Structure formats: structure tokens, C-alpha cells
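Remember, predicted model here, so these are calculated numbers, not experimental data.
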Amino acid sequence: MKQRATLQQVADLAQVSLGTASRALAGRGRVSEATRTRVREAAASLSFSPHTAASNFRKSRAGSVGLWLPPQVRFMDYYMNFTFGLSEALGEDEVSLSLIPHSLRPDSVDRLHVDGFVMSDVVAGDPLARAILESGKPVITSELVPDGMPAPTGSVVTDQAAAMRESLDRLHRAGASSIVLLAPDIAQSWVDAARAGAAAWARDASVRLEVITLAEVPTAAGIHTLIARVLSTNEDVDAIVCAVDGIAVGVLTALHDLGVAVPDRVQLVSHVDSAAMPVVLPPIAAVDLRPREAGMLTGRMLLAELDGGLGQDERVQTLALEFHERASLRPVAAEA
């Protein structure tokens, strides 16, 4: 039996993005007539037909998408940029975005007037998150959901373990031999993956790695106290990796205040890049998690699901991360 063509195959044949193909076939959004014609011709040549259920659902759409973000992190740079990217993608299809308040009762989710949901970094056991995932409406997540949570319709994923290994390897190649990882205390899949990647790297490289878990984002004074304690407890610490959004600049300030030279004495890496990382002295090396692109991709996947249905091989899409070398790293000695 011939397999049904997918929307991604239509987009590939028409040489457009998934979101553009979705909008062109739905007859909405900002799509030129030439592009719309090319997409429709590609769909016809592949005998593409949207799922009947999805087509019927599209005709009665609310024109709004709900966004769930983890509790107490909405001020963070990552989630702000993720929301901007999602809003931009939805705006291309004239769909509005509604932020889901954490005060919402889980049994009220079914009454929300939205067509579907986007969720970023689902927290294990969160009752509101569980209710959204069980709502019966399409749900696209940024990162996989933790074990024990209901499966979403689709996910945008990144290789957090590989990104962490790359950061640690770069530090080690510049001479780091005793590294501290500051990690958030929250049950999210990306955190688990990053910590697992760090542990595996330390084991393979035979390098000392101490993981310090932070229950919340500390104040500037709290960061200063923490770094002073870390350095007094282990004088050999020569590198710090910050996997908590928003604290790397505070760590850099604390090191300066303590008279510790960066990167000569201690190298510094942030696992979450932001606009502040390249403008401090020295600029802080960081992993670009590409939040805006993640938001855009989740939005376009949800629109594609609403407009025709994602193919089975389109339900998990990978977003590549980028490591930005900056002056908080020591140069790597040239090999003889």
C-alpha cells in the first residue's frame, strides 16, 4: 500500500518551509501568489490530501494558540526570545498567542478557547502541564517531555548532552583540570541530558567535575557567597560552567570582586547564551540554544499539524546548537 504523502514532502518539493507550505494550502497568511501556486502544484503532483479530521478542525479554528512556560522562569532571556520567535511564526498565519497562567486550574484547560498548545521545557509532574498534554488538542513541545508525562503531538529537540561535552572539552583543551558545573534543580529533560553529558565526559576524560545544584536563581550577593565558598573549598577549581540562565554575568562579577582573573585563573562558560554574554569584560563563551528559532519551529509545526497533519517522521525535529568562543576561555596551545 502506497504511503500517504506528508506536508513536509510537499514543502520540500516546492522548496519552501513547512510553515509556508501549510499557509499556502490553507489559503491564509502572507504568501505570494506564485509561491501559493507552486505549493499547490507540488501537493497535486504528490496526491497530498490533509487528514480529514485536521481539515474539519481547521474550519472551526479559534485562531489562537496557548503557550505554557515553566513556573518562575518567564523573566529569563531564553523564554523571552522563545516567545518572540513563536509569536512571529504564528503571526505569519494571523494566529494570536495566549500565555497560560500557572494559576489556571488543571480542570479548566478544556475550556480554553485555543486550537492547540506550545510548551517549552515541560516539568515532570506539573499538574497543569499534564492536563494540557492530556487535553486532546495538538501540543508541540520544545524539548522532550520527562519520563512519566503524556506524549505530545510533536517536539523540537536539541542535543544538550553533546553541547555540554563540547563546552567541557574546550575548557579541558585550554588546561582546565577541576571544573564546577552550576545546574538548576528542576526536573526537565534538557537538564537531565546536560548533566548526563557532563558526567559521561568527566568519566571518559578523567577530569574532576563537581556539580552544584541551585534550587533557585540566586541574588548577586548569593552568587558572590557561592563562588567564594567554591574557591575556598577547592583551591584547584579552574573552570566554571553555568547551566542556569542569567547567572554567568553574576559569576563573572563575583570572580572579579574576589580578585580572580578570568580566564587566566578561572575560565568561564555559560550553557545559555544571551545578549549580555558578548558585552561584558571579558565576553563570556556560551552555548547558543537558539531560543528564537526554537519558538518559530514549534509554532510552524503546530500550524502544520492544524492545517494538514504532520507526518510520522516530522513529529520530532532537531535544532542544532552553536558554541560561541569568547575571551572568557584561554587559548588552546598549538599542538607540536
Apply the test side chain to side chain donor-acceptor pair (under 3.5 Å) to residues Ser64 and Ser98: give CA-CA distance (whole Å), side-chain angles for both, the deciding distance (0.1 Å), then the verdict. CA-CA 7 Å; Ser64 182; Ser98 299; 3.0 Å; yes
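- Hydrophobic clustering keeps Val118 apart from Val316 (ILVMFWY residues linked when any side-chain heavy atoms are closer than 4.5 Å, directly or through intermediates).
- Within the 4.5 Å cutoff, no side-chain heavy atoms of Pro146 are placed close to those of Asp192.
- Counting heavy atoms from C-beta outward, Val272 and Asp288 have side chains that stay 4.5 Å or more apart.
- Using modelled atom types, one finds no donor on one side chain facing an acceptor on the other under 3.5 Å when comparing Tyr79 with Asp245.
- Contact of the His256 side chain with the Val260 side chain is not registered, since no non-hydrogen atoms from C-beta on lie closer than 4.5 Å.
- Cluster membership check: Met296 does not share its hydrophobic cluster with Met80, using side-chain heavy-atom separations under 4.5 Å among Ile, Leu, Val, Met, Phe, Trp and Tyr.
- Around atom CD of Gln15, no more than 12 heavy atoms belonging to other residues, nucleotides or ligands sit under 6.0 Å away.
- Note on Leu171: it clusters hydrophobically with Val266, by side-chain heavy-atom contacts below 4.5 Å among ILVMFWY residues.
- A 4.5 Å side-chain heavy-atom check between Phe117 and Ser135 finds at least one atom pair inside the cut-off.
- For the pair Leu329 and Pro282, the minimum side-chain heavy-atom distance is 4.5 Å or more.
- Ion pair Arg105/Asp107 flagged as a salt bridge, since at least one NZ, NE, NH1 or NH2 atom sits closer than 4.0 Å to an Asp/Glu carboxylate oxygen.
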Chi angles and distances behind the side-chain contact (heavy atoms from CB on, under 4.5 Å) call for Gln9, Leu13: CA-CA 6 Å; Gln9 290 172 324; Leu13 182 60; over 6 Å; no
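- For Glu322, the CD atom is densely surrounded, since the number of other residues' heavy atoms within 6.0 Å is greater than 12.
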CA sep, side-chain torsions, deciding dist, call: Asn234, Ser178, side chain to side chain donor-acceptor pair (under 3.5 Å): CA-CA 9 Å; Asn234 180 8; Ser178 183; 3.1 Å; yes
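- A donor-acceptor pair is defined here as one N or O able to donate and one able to accept, closer than 3.5 Å; no such pair exists between the side chain of Glu305 and the backbone of Leu302.
- Side chain of Arg330 to main chain of Asp264: a donor-acceptor pair is present (N/O by atom type, distance under 3.5 Å, no hydrogens or angles).
- How far SG of Cys242 is from CG of Leu214: 9.0 Å, rounded to the nearest 0.5 Å.
- A 4.5 Å side-chain heavy-atom check between Pro71 and Val123 finds at least one atom pair inside the cut-off.
- Counting only N and O atoms by type, the side chains of Ser155 and Glu143 include no donor and acceptor under 3.5 Å apart.
- Contact check for Met164 versus Val241: side-chain heavy atoms found under the 4.5 Å cut-off.
- Judged by distance alone, the side chain of Arg292 and the main-chain N or O of Asn81 form no donor-acceptor pair under 3.5 Å.
- Without hydrogens or angle criteria, Thr158 side chain to Leu321 main chain gives no donor-acceptor distance under 3.5 Å.
- Within the model, atoms CD1 of Ile179 and CD1 of Ile240 stand 10.5 Å from one another, a figure rounded to the nearest 0.5 Å.
- Screening Ile100, Leu90, Leu99 against Leu67 for a side chain to side chain contact (heavy atoms under 4.5 Å, CB included) leaves a single residue, Leu99.
- More than 12 heavy atoms of other residues, nucleotides or ligands shown are found within 6.0 angstrom of CD on Glu325.
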Could you walk me through whether Leu310 and Ile140 satisfy the side-chain contact (heavy atoms from CB on, under 4.5 Å) test, starting with their C-alpha distance in whole Å, then the side-chain angles of each, then the deciding distance to 0.1 Å, before giving a yes or no? CA-CA 11 Å; Leu310 292 166; Ile140 304 297; 4.2 Å; yes
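- Taking the side chain as every heavy atom from C-beta outward, Arg315 and Thr153 approach each other to under 4.5 Å.
- Residue Thr253 holds its OG1 atom at 11.0 Å from CD1 of Ile227, rounded to the nearest 0.5 Å.
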Could you please spell out the steps behind the side-chain contact (heavy atoms from CB on, under 4.5 Å) verdict for Ile212 and Val230? CA-CA 9 Å; Ile212 298 176; Val230 166; 3.4 Å; yes
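- Atom CE of residue Met149 and atom CG of residue Asp147 lie 11.0 Å apart, to the nearest 0.5 angstrom.
- In this structure a side-chain-to-backbone donor-acceptor pair under 3.5 Å is present from Arg290 to Ala320.
- A donor-acceptor contact closer than 3.5 angstrom links the side chains of Thr213 and Arg195.
- Ser177 and Asp236 share no side-chain donor-acceptor pair at under 3.5 Å.
- Between the side chain of Ser142 and the main chain of Ser120, no donor-acceptor pair closer than 3.5 Å is present.
- Contact check on Arg326 versus Asp273 returns a salt bridge, with a Lys/Arg side-chain nitrogen under 4.0 Å from an Asp/Glu carboxylate oxygen.
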Could you please spell out the steps behind the side-chain contact (heavy atoms from CB on, under 4.5 Å) verdict for Tyr78 and Leu69? CA-CA 11 Å; Tyr78 175 90; Leu69 294 176; over 6 Å; no
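- Of the charged side-chain nitrogens involved, at least one lies within less than 4.0 Å of a carboxylate oxygen, so that Asp169 and Arg173 count as a salt-bridged pair.
- A donor-acceptor distance shorter than 3.5 angstrom exists from the side chain of Thr298 to the backbone of Gly295, with no hydrogens or angles considered.
- Proximity of a side-chain donor or acceptor of Ser189 to a complementary backbone N or O of Leu144 within less than 3.5 Å is detected.
- For the atom pair NE2 of His224 and CG of Leu255, the computed distance is 9.5 Å after rounding to the nearest 0.5 Å.
- Note that CG of Leu182 and CG of Leu226 are 6.0 Å apart. Values are rounded to the nearest 0.5 Å.
- The cluster map of Ile, Leu, Val, Met, Phe, Trp and Tyr, joined by side-chain heavy atoms under 4.5 Å apart, puts Phe323 and Val157 in different clusters.
- Counting only N and O atoms by type, the side chains of Ser167 and Arg170 include no donor and acceptor under 3.5 Å apart.
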